Colleague: 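Mind looking over this structure? Questions follow.
The residues of the chain are indexed from 1 along the displayed sequence. Note that the coordinates shown come from a computational prediction; the quantities given were computed from them, not determined experimentally.
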Amino acid sequence: MATFLYRLGRLAFRRRWYAALIWVLLLVLAGTGAATASKSTNNDFSIPGTEAQAAFDLLEQRFPGQTPDGAAARVVFKAPDGQKITDVKNQAAVEKAVAELAGPQVASAADPFKAHAVSKDGTTAYSSVSYKAKAQDLTDASRDTLKGAAQHARDTGLTVEIGGSALQSMPEGGSEIIGIAVSAVVLLITFSSLVAAGLPLLTAIIGVGIGVSSIAALAPVLDLSSNTSTLAMMIGLAVGIDYALFIVSRYRAEVAEGREREEAAGRAVGTAGSAVVFAGLTVVIALAGLAVVNIPMLTKMGLAAAGTVAIAVLIALTLIPALLGFAPRKVLARKDRKRDGRPAETGKPNMGTRWARFVLRKPIWVLAAGVLGLGAVAVPAASLQLGLPDDGAQPKSSTQRKAYDMLADGFGAGFNGPLMIVTDAAKASDPKAAADTVVKTIKGMDDVAMVSPANFNKAGDTATITVVPKSKPTGKETEDLVHAIRDKGGRITSDTAAKVLVTGSTAMNIDVSQKLNDALLPYLALVVGLAFLLLMVVFRSVLVPLKAALGFLLSVVAALGAVVAVFQWGWLGSLFGVEETGPIMSMMPIFMVGVVFGLAMDYEVFLVTRMREAFVHGERPGQAVVTGFRHGARVVTAAAVIMISVFAGFIGSSESMIKMIGFGLAIAVFFDAFVVRMAIVPAVLALLGKAAWWLPGWLGKILPNVDVEGEQLQKQLSTPSADPDEKRELVGV
């Protein structure tokens with residue numbers, strides 16, 4: 001591995017123009033594909049294997065054409081204080097606004113006074129508007145018509161707000177700029193060179209540009225959601241900058257030792273590049289492993305992000321050495337340029353060395369402090385509640401949130417999350433009697449505010465019943481009601497032969513949460529197991545990969561605890577722009593496990609590889625830890641700060657999902673990099689001593705020796721060859 005990458009680095013350095021041109025052409029091709037592709041994306045959930053999805057599929061079969069996937073809106077009207085919405089003037093204003101809603105993309109706009117959509121107290125009414133196109137495909141004219149009708153009604157003195165998906169906004173861009181700006185400052189401080197600081201940023205942007213443009217080009221074909229590009233950008237930027245940072249840093253270290261520029265590029269790619277390959281592979285495994293959850297949207301998001309990570313790895317191995325060839329000396333700090341190839345003089349121990357020596361003196365105290373500290377932060381994770389965001393999670397200033405609150409005030413908290421009961425009476429002897437039994441049974445249950453009469457299809461074998469709970473959609477009472485209806489449905493089926501299914505957005509959210517919760521442990525076992533095997537190959541050790549996996553579990557549980565404290569309990573919520581607390585997004589835990597595990601292994605590979613390299617070259621275990629920190633602590637610290645800043649930049653997003661993921665990943669990287677990898681890892685290695693690098697002899701014979709630390713490469717380059725042709729072949733001359 002190291003020898004191949006060494007040759008690749010030298011080749012890219014020499015053939016820099018070709019390497020750069022290839023990546024520029026790929027960027028142009030991806031950009032062209034994105035520019036010419038349809039802008040349509042798919043934000044619909046499909047959850048195979050759940051009752052809610054089975055009911056929805058049945059509706060599509062039995063009610064053809066009546067389960068549209070187009071955009072929808074609820075225009076909510078409220079009369080001024082002391083007035084009724086049914087007053088002649090107010091009713092006329094509402095009817096006029098509803099008439100104005102008509103347009104080429106509008107399928108229907110219901111008159112609230114004919115559809116009985118008026119609250120019991122007569123103060124609030126709503127019009128349900130359905131569209132022929134999906135929310136992301138609505139034209140500006142359609143949205144302007146919707147907003148204009150609402151504004152005209154406001155001008156008459158009514159309070160008017162709009163809920164639903166019609167005004168659904170695409171994820172805002174620009175959040176990543178904050179992370180890039182912070183990254184630039186960190187890189188400049190780390191490298192003391194504008195060119196060296198600019199290289200990781202430039203290559204990361206190129207990689208993300210190719211990845212995100214490819215996603216945009218493929219979105220209409222693969223039905224990718226609008227959040228896929230945002231998440232790929234978030235992860236691609238972070239790993240792209242970090243991977244390039246490690247290659248450039250190693251190149252500078254090789255030059256500082258007096259090596260010629262092309263040789264330094266080859267060695268940098270051969271050693272640090274090997275770590276990049278395996279670190280990237282762990283991230284790809286973790287992201288691609290999301291497919292085991294069997295939620296298509298999540299699978300596609302994971303694969304798209306994994307593709308962007310793979311591009312970042314390839315760019316670090318080829319484009320970075322090529323760009324180093326264009327400015328081989330300018331990437332060095334000013335003091336290093338003045339030495340003109342002479343080895344750097346060793347001065348006083350750097351911060352990494354001093355910290356490592358401190359940990360070696362107090363390993364038990366450092367280990368205890370790290371474990372207990374993260375354990376305390378992890379406590380709130382025991383109260384984790386899962387759900388999916390609706391308009392109730394929107395900012396309080398948004399019209400969607402105001403419409404949500406007005407409907408809850410006028411029609412009850414459960415009105416925003418009705419349940420749809422599908423009665424499959426095809427095998428029932430009396431379908432109508434079976435449906436009446438369902439209605440009667442549900443009416444007698446707790447937490448039920450309203451049950452509609454059964455609505456049969458043309459064939460008369462399937463009926464839909466709408467149930468409005470008393471509690472809010474994300475409430476525990478509503479979840480209990482869904483389970484209670486399903487329990488009663490089993491008895492109804494045995495009595496009438498009619499099958500009862502519960503669906504609707506609220507039931508779908510409950511099923512998603514349950515499915516993700518059930519998949520978490522199998523997914524964790526799969527990803528950690530595969531990565532454990534991979535790290536065992538990398539480090540040729542049993543205890544080092546085990547320690548890495550346990551450290552990751554500690555950091556990710558602590559991160560979940562922090563997410564619960566902020567977004568569910570509201571602690572420091574105002575600091576992070578959290579206006580409404582509630583359940584944690586269902587995908588958050590499993591997505592965090594996947595992403596954070598991959599990123600955590602980055603620092604494990606980069607930091608511990610240096611220690612392994614020193615150990616196999618004859619240093620004592622304790623001294624190897626110090627050597628690893630002397631060479632790697634500064635760079636790993638910079639990489640972690642960069643990754644944290646990139647993720648933290650997305651906390652400013654108005655999308656609650658993006659905000660939560662940005663915060664969760666940022667805090668998880670902070671815990672893992674600075675507590676686990678920089679404190680717990682050296683403390684454990686200090687306590688284990690030589691045992692840390694123990695590998696059973698029989699296992700050593702089975703595992704391939706990938707030479708990630710470049711031991712074999714170093715031997716070949718340092719040993720004078722009796723055959724000059726062999727030497728020339730190695731360096732690629």
Colleague: Should the heavy atoms of other residues, nucleotides or ligands under 6.0 Å from CE of M420 be counted, would the total exceed 12?
Modeller: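 Open.
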
Colleague: Between S142 and T145, does any side-chain donor sit less than 3.5 Å from a side-chain acceptor?
Modeller: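 Judged by distance alone, the side chains do not pair up.
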
Colleague: Locate the shortest heavy-atom distance separating A232 from I215; write the atom from each residue and the value.
Modeller: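 The answer is CB-CD1, 3.4 Å.
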
Colleague: Considering only heavy atoms from C-beta outward, does the side chain of T299 approach that of L290 to under 4.5 Å?
Modeller: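 No; the side chains remain at least 4.5 Å from each other.
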
Colleague: Do you see a donor-acceptor pair shorter than 3.5 Å between the side chains of D155 and Q151?
Modeller: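 Yes, side-chain donor-acceptor contact under 3.5 Å.
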
Colleague: Is a side-chain donor-acceptor pair under 3.5 Å present for D511 with Q53?
Modeller: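 No pair is found: no donor N or O on one side chain lies under 3.5 Å from an acceptor on the other.
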
Colleague: Heavy atoms, side chains only, cut-off 4.5 Å: are I235 and T308 in contact?
Modeller: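 Not touching, per the 4.5 Å side-chain cut-off.
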
Colleague: Side-chain donor-acceptor pair under 3.5 Å between Q91 and T86, yes or no?
Modeller: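 Note: Q91 and T86 side chains miss the donor-acceptor criterion.
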
Colleague: Walk me through it: do E161 and R154 pass the test side chain to side chain contact (heavy atoms under 4.5 Å, CB included)?
Modeller: CA-CA 9 Å; E161 302 297 345; R154 290 190 191 104; 3.8 Å; yes

Colleague: Is there a side-chain contact between I442 and I421 in this structure, where contact means two heavy atoms from C-beta onward sitting under 4.5 Å apart?
Modeller: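 With C-beta onward as the side chain, the pair touches.
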
Colleague: Within a reach of under 6.0 Å around NZ of K515, are more than 12 heavy atoms found that belong to other residues, nucleotides or ligands?
Modeller: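 More than 12 within 6.0 Å, yes.
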
Colleague: When you check the side-chain N and O atoms of Q105 and T139, is any donor under 3.5 Å from an acceptor?
Modeller: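 Yes, side-chain donor-acceptor contact under 3.5 Å.
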
Colleague: Just wondering, more than 12 heavy atoms not from D446 lying within 6.0 Å of its CG?
Modeller: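 For D446, atom CG is not crowded (no more than 12 foreign heavy atoms under 6.0 Å).
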
Colleague: Looking at F576 versus F567, is the centre-to-centre ring distance below 6.0 Å?
Modeller: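 For F576 and F567, the ring centres are not under 6.0 Å apart.
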
Colleague: How long is the span from the CD atom in E479 to the CD atom in Q514, to the nearest 0.5 Å?
Modeller: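 If we round to the nearest 0.5 Å, E479:CD and Q514:CD are 7.5 Å apart.
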
Colleague: Answer yes if the side chains of S130 and S108 hold a donor-acceptor pair under 3.5 Å, and no otherwise.
Modeller: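 Side-chain D/A pair, S130 to S108: present.
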
Colleague: Go through the side-chain N and O atoms of Q61 and D57 and say whether any donor and acceptor fall under 3.5 Å apart.
Modeller: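 Distance-only check fails for Q61 and D57.
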
Colleague: Could you check S127 against F77 for side chain to side chain contact (heavy atoms under 4.5 Å, CB included), going step by step and ending with a plain yes or no?
Modeller: CA-CA 8 Å; S127 171; F77 305 89; 4.3 Å; yes

Colleague: Does Y404 have its ring centroid less than 6.0 Å away from the ring centroid of F415?
Modeller: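 When the ring centroids of Y404 and F415 are compared, they turn out to be at least 6.0 Å apart.
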
